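In what follows, a structure is listed as structure tokens, so that the remarks can point back to it.
Quick caveat, the model's predicted, so the values are computed rather than measured.
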There are 2 protein chains.
Amino acid sequence: MGITERKEREKEHRKEEILDAAQKLFFEKGLTTATMDEIAEAAELSKGTLYLYYKSKEDMYLAVMMRGMEVLYKIYEPIVSSNDTSVQKLAKFGDTYKNFFHSHRSFFRMFHFLQAPQFHKQVSEEMRQACSVESRKMWDLMIGLLRRGMEEGAFRSDLNPVEVAIILWSSATALLLRVDSEGDTWKERMNIDLEHALEISNKLLFESILTDRVRAEFAGLNRG
Amino acid sequence: MGITERKEREKEHRKEEILDAAQKLFFEKGLTTATMDEIAEAAELSKGTLYLYYKSKEDMYLAVMMRGMEVLYKIYEPIVSSNDTSVQKLAKFGDTYKNFFHSHRSFFRMFHFLQAPQFHKQVSEEMRQACSVESRKMWDLMIGLLRRGMEEGAFRSDLNPVEVAIILWSSATALLLRVDSEGDTWKERMNIDLEHALEISNKLLFESILTDRVRAEFAGLNRG
DNA sequence: TTTAATTACTGACTCGTAGTCATTTACTAC
DNA sequence: GTAGTAAATGACTACGAGTCAGTAATTAAA
């Protein structure tokens, strides 16, 4: 009989329902301001029940964040699988990240959590592991793209593809975080458009990793 | 009579003593783990007294962080005032930031707080203002350096010096944060030295903002 | 010197919230 | 119908930020 299986499904379903409620509140209020009581109420369950499904508030937060990582992965994956050239793919990577920032701002903000070690106290080892696996998928996409581009002679092969991936990803993330938190300030006080700064940053880094041959083509395209 | 002045001095002194205790505990335990009771005990005062000098725990945290910003400023200021060329100065800026990261790791970590908007709830307007002024001093140093370099023809003048400052600063900060929180992981799992990645990132960005003339000299120097 | 007034300090208290656990309710099997 | 199991509950504990009525110390006035 399939009772065990049905129960298993229902349990998974309940877990997702709880996460829906958590997502709603984390999006609205952020990690610290949203309370477990509020999430419980939104999920139409008691607080105790939440802890049958997630070990801590932080674990729950990361579970929501992983949804965001999956969203981003599903956007990126087809870019890598497409028939574009490596150069085109990398350009799309940059645009896509910016689009994701705009269309999924709340998820993007959550990514920031990973880099704030002071709040990881309550994160379970399992969740840490799961996040690590999920983020590894993203890195592999990008590193693979760069590695193939180097083999094809599009990108400079004297650079380490992993290092380049980290450089591109980190600088884009840092600038988008700044857009998010300080964008208006820079605009008002210095008349600076941080998104334009991001474009310049991407352009500078992008061009500096192209091989001379491809850079010449690229410049030709930009002029024509 | 100087009683009012003496009292004023004593009050300032007490405020610094409290900050010494706070700094010790924030360095050891971070913002969330350090408690006001612990800080009070370390300062040999009651918790209530702390609130006569600082409006909230977050305010206190930012006051400590500002000490770090002053330390960094005092390291940077002489670089800008020196007789080096703009190119040399900019190179020193990069090295200096990395040195600061190593010698004042706890301060560096605190800087990260500014970019985590979810924890700014309890920060008073005065403190926000004070931080803004202090960080503005740093930015002005860097922006001024870039602007002069552009006027002298060392850096490309088709770029906006403010944008370049933001780009260089953000990417360096992002990579150092990663060194701090994930450095060991990348080393173990991928055999990647994130500090080397930072050097590459700096080199790529650095060279791409030089004018063609200076880049040629620079390349000559690097070879010679 | 005594007393009043001002300032500095105290620590028990309130309040909010994460996480727990003994108990209750709902469901399944025999 | 009853025993056994799984799911859910919510009152409770622990803990920490921030408060405030009261106390002590210092200065000014009488």
Side-chain angles (χ1 to χ4, degrees), chain A residues 1-19 21-22 25-26 28-64 113 118-124 126-127, chain B residues 1-19 21-22 25-26 28-64 113 118-124 126-127:
Chain A
M1 60 184 70
I3 288 180
T4 331
E5 288 79 358
R6 195 201 72 218
K7 286 228 167 181
E8 200 57 42
R9 273 202 314 277
E10 280 173 2
K11 220 169 158 176
E12 275 308 307
H13 186 241
R14 174 56 48 92
K15 207 170 173 179
E16 288 302 306
E17 281 179 334
I18 291 173
L19 215 55
L25 277 145
F26 286 142
E28 281 172 12
K29 304 186 152 199
L31 171 63
T32 43
T33 315
T35 70
M36 289 301 267
D37 286 286
E38 286 170 327
I39 294 170
E41 203 191 325
E44 293 173 304
L45 287 168
S46 75
K47 184 161 61 161
T49 306
L50 302 189
Y51 286 92
L52 298 174
Y53 292 87
Y54 296 94
K55 290 202 175 141
S56 69
K57 191 186 182 186
E58 269 88 352
D59 257 38
M60 233 162 150
Y61 192 79
L62 286 183
V64 174
F113 178 81
Q118 50 188 147
F119 307 104
H120 293 197
K121 312 285 174 196
Q122 302 295 52
V123 176
S124 70
E126 295 93 308
M127 190 51 80
Chain B
M1 63 181 73
I3 288 180
T4 331
E5 287 79 358
R6 194 202 74 217
K7 285 230 165 180
E8 200 56 43
R9 273 203 314 278
E10 279 173 1
K11 218 168 159 179
E12 274 309 306
H13 186 240
R14 175 56 48 90
K15 208 170 173 180
E16 287 302 307
E17 280 179 336
I18 291 173
L19 215 55
L25 277 146
F26 286 141
E28 280 172 14
K29 304 188 150 195
L31 171 64
T32 44
T33 314
T35 70
M36 288 302 267
D37 286 286
E38 288 171 327
I39 294 170
E41 203 191 326
E44 295 175 305
L45 288 167
S46 74
K47 184 161 61 160
T49 305
L50 303 188
Y51 285 92
L52 298 174
Y53 291 87
Y54 296 95
K55 289 202 176 142
S56 69
K57 192 187 182 185
E58 269 88 351
D59 258 38
M60 233 161 150
Y61 191 78
L62 287 182
V64 174
F113 177 81
Q118 50 189 146
F119 307 104
H120 292 195
K121 312 284 175 198
Q122 301 296 52
V123 176
S124 70
E126 293 95 307
M127 191 51 81

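- For B/Gln122 and D/dG18, the shortest distance from a side-chain N or O to OP1 or OP2 is below 4.0 Å.
- Between the CG atom of A/Leu50 and the P atom of C/dC21 there is a distance of 17 Å, rounded to whole Å.
- Between the C1' atom of D/dT9 and the CD atom of A/Glu44 lies a distance of 15 Å, rounded to the nearest Å.
- No hydrogens or angles were tested; on distance alone, nothing pairs the side chain of B/Lys57 with the base of D/dG18 as donor and acceptor under 3.5 Å.
- Rounded to whole Å, the distance from CG on A/Leu25 to C1' on C/dA18 is 15 Å.
- In this entry the distance linking NZ of A/Lys47 with P of D/dG10 reads 12 Å, nearest Å.
- Within 4.0 Å of B/Leu45, counting heavy atoms only, lie sugar-phosphate atoms of the nucleic acid but no base atom.
- Straight-line distance from the CD atom of B/Glu17 to the P atom of C/dA8: 15 Å, rounded to whole Å.
- Residue A/Thr49 has no polar side-chain atom (N or O) positioned under 4.0 Å from OP1 or OP2 of D/dA8.
- Atom OH in A/Tyr51 sits about 17 Å away from atom P in D/dA11, given to the nearest Å.
- As a whole-Å value, the separation of A/Ile39 CD1 from D/dG10 C1' is 17 Å.
- The listed nucleotides are D/dG18, C/dT17, D/dG10; the one nearest the side chain of B/Ser56 is D/dG18.
- In terms of modelled atom types and a separation under 3.5 Å, the side chain of A/Lys57 and the main chain of A/Gln122 share no donor-acceptor contact.
- Taking only distance into account, the side chain of B/Lys11 never meets the base of C/dA8 through a donor-acceptor pair shorter than 3.5 Å.
- Atom C1' of nucleotide C/dA8 and atom NZ of B/Lys15 are separated by 15 Å, given to the nearest angstrom.
- Among the heavy atoms of the strands lying under 4.0 Å from B/Tyr53 are primed sugar atoms or P, OP1, OP2 only; no base atom is included.
- Side-chain atoms of A/Tyr61 never come within 3.5 Å of backbone atoms of A/Val123 as a donor-acceptor pair (strictly under, hydrogens ignored).
- Among the protein residues, A/Ala34 comes within range of the sugar-phosphate backbone only, with heavy atoms under 4.0 Å from sugar or phosphate atoms but none that close to a base.
- Remark: the backbone N or O of A/Ser124 is paired with a side-chain donor or acceptor of A/Asp59 at under 3.5 angstrom.
- With rounding to the nearest 0.5 Å, the separation of CD1 in B/Ile18 from CG in B/Leu52 is 8.0 Å.
- Salt-bridge check for A/Arg14 with A/Glu17: passed, with a basic side-chain N closer than 4.0 Å to an acidic carboxylate O.
- Judged by closest nucleotide on DNA chain C, B/Leu52 is the one of B/Leu52 and A/Met36 placed further toward the 5' end.
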